[in-house]
Amino acid sequence: MAAMTAATRPDHVPSRDWYQRDAHDVGADLLGAHVTTRRPDGEVTVRLTEVEVYRGQADPASHAYRGPTARNAAMFGEPGRLYVYRHLGLHHCVNVVTGPEGVASAVLLRAGEVVAGIDVAGGRRRRAGVLRSDVDLARGPARLAVALGLDLTALRADLTDPAGDVVVQRHPAVPALPHVTGPRVGVSGEGADAGRYPWRLWLPDEPTVSVYRPAAPRRRPAARKA
DNA sequence: GGTACGATTGTCT
DNA sequence: GACAATCGTACCT
């Protein structure tokens with residue numbers, strides 16, 4: 001087992017070209033990879049166990065489906081950087097930008113296992129709410145963001161800089177791990193079609209993989225007074 | 001200028 | 001299993 005202090009190995013940090021591939025390939029290769037964040041309150045490393053692929057303007061479920069906007073601009077930018085957004089005014093979700101610049105594909109980091117900095121991640125999670133167990137530390141995209149200490153300040157963070165605040169590490173010789181695919185979580189409308197968009201990827205038999213939940217039922221419009 | 005809604009989570013029943 | 005929390009963004013008038 002490596003020392004808990006995540007000493008970055010530059011030769012294990014994928015290059016920008018590595019991210020400039022199809023989002024599905026990058027997503028599959030990210031499973032089992034380590035993400036290390038260096039924040040003022042500490043350093044945390046997570047081993048990714050679950051991701052989702054979003055294909056920009058070709059994907060009805062993607063934020064970029066309707067073209068570039070102020071919010072999703074990072075997705076159209078350089079691959080190998082982070083696209084972070086706030087969801088429901090409550091949570092943050094973290095994506096890795098993939099594909100060539102100008103193509104808004106991305107991989108949503110959904111869940112992982114905290115392998116270093118458990119105390120730091122646990123402290124963040126306790127501050128943010130309830131923490132039931134270590135398995136819950138980074139199970140779910142918003143929880144993962146909290147555990148890693150990522151918010152909008154990490155937007156466009158460069159993952160290819162071994163000395164950066166957010167670094168992805170992956171052994172260059174290891175092929176993609178065996179994984180399972182299925183429908184994406186919480187995606188409604190056309191993009192929820194599991195047959196056409198089985199773009200959730202996870203490692204089998206991992207307790208940190210989030211529970212599948214269909215898209216939240218649409219809130220019934222309040223009855224209007226006649 | 002107004003409004004509907006969301007790549008989620010935690011709590012309550 | 002159902003629902004509230006909570007606010008920025010996108011879309012409509």
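Residue numbers start from 1 in every chain, and the chains themselves are labelled A, B, ... in the order their sequence lines are given, proteins ahead of strands.
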Within the pair [X] and [N], is there a side-chain N or O less than 4.0 Å away from OP1 or OP2?
X      : N      : result
A:T69  : C:dA10 : yes
A:H63  : C:dT9  : no
A:R143 : B:dT8  : no

Rounded distance (Å) that lies between atom [atom2] of [N] and atom [atom1] of [X]:
X      : N      : atom1 : atom2 : result
A:H91  : B:dT11 : NE2   : P     : 11 Å
A:D151 : C:dC7  : CG    : P     : 15 Å
A:Y83  : C:dG8  : OH    : C1'   : 11 Å
A:L88  : B:dT8  : CG    : P     : 8 Å
A:L108 : B:dA7  : CG    : P     : 10 Å
A:R125 : B:dT9  : CZ    : P     : 9 Å
A:L90  : C:dG8  : CG    : C1'   : 11 Å
A:R86  : C:dT6  : CZ    : C1'   : 9 Å

Is there a donor-acceptor contact under 3.5 Å from the side chain of [X] to the main chain of [Y]?
X      : Y      : answer
A:E52  : A:V185 : yes
A:N72  : A:M75  : no
A:S62  : A:A64  : yes
A:R170 : A:D29  : yes

Paired with B:dA7 by Watson-Crick or G-U wobble geometry, both distances under 3.5 Å: which nucleotide is it?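 Checking every strand shown, B:dA7 finds no partner, since no pair has both distances under 3.5 Å.
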Given B:dT8, C:dA10, B:dA7, the nucleotide with the shortest approach to the side chain of A:R71: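 Of B:dT8, C:dA10, B:dA7, C:dA10 is nearest to the side chain of A:R71.
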Relative to the ring of A:H63, is the ring of A:Y85 parallel (under 30°), tilted (30 to 60°) or perpendicular (over 60°)? perpendicular
Under 4.0 Å, counting only non-hydrogen atoms across every strand here, what does [X] touch: a base, just sugar-phosphate, or nothing?
X      : value
A:R200 : nothing
A:R184 : nothing
A:A61  : base

I'd like the P distance from B:dA7 over to C:dG1, given in whole Å.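 My reading of the P atoms in C:dG1 and B:dA7 gives 23 Å.
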So, do A:Y85 and B:dA7 meet the stacking rule of ring centres under 5.5 Å and planes under 30°?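 Here A:Y85 fails the 5.5 Å or the 30° condition.
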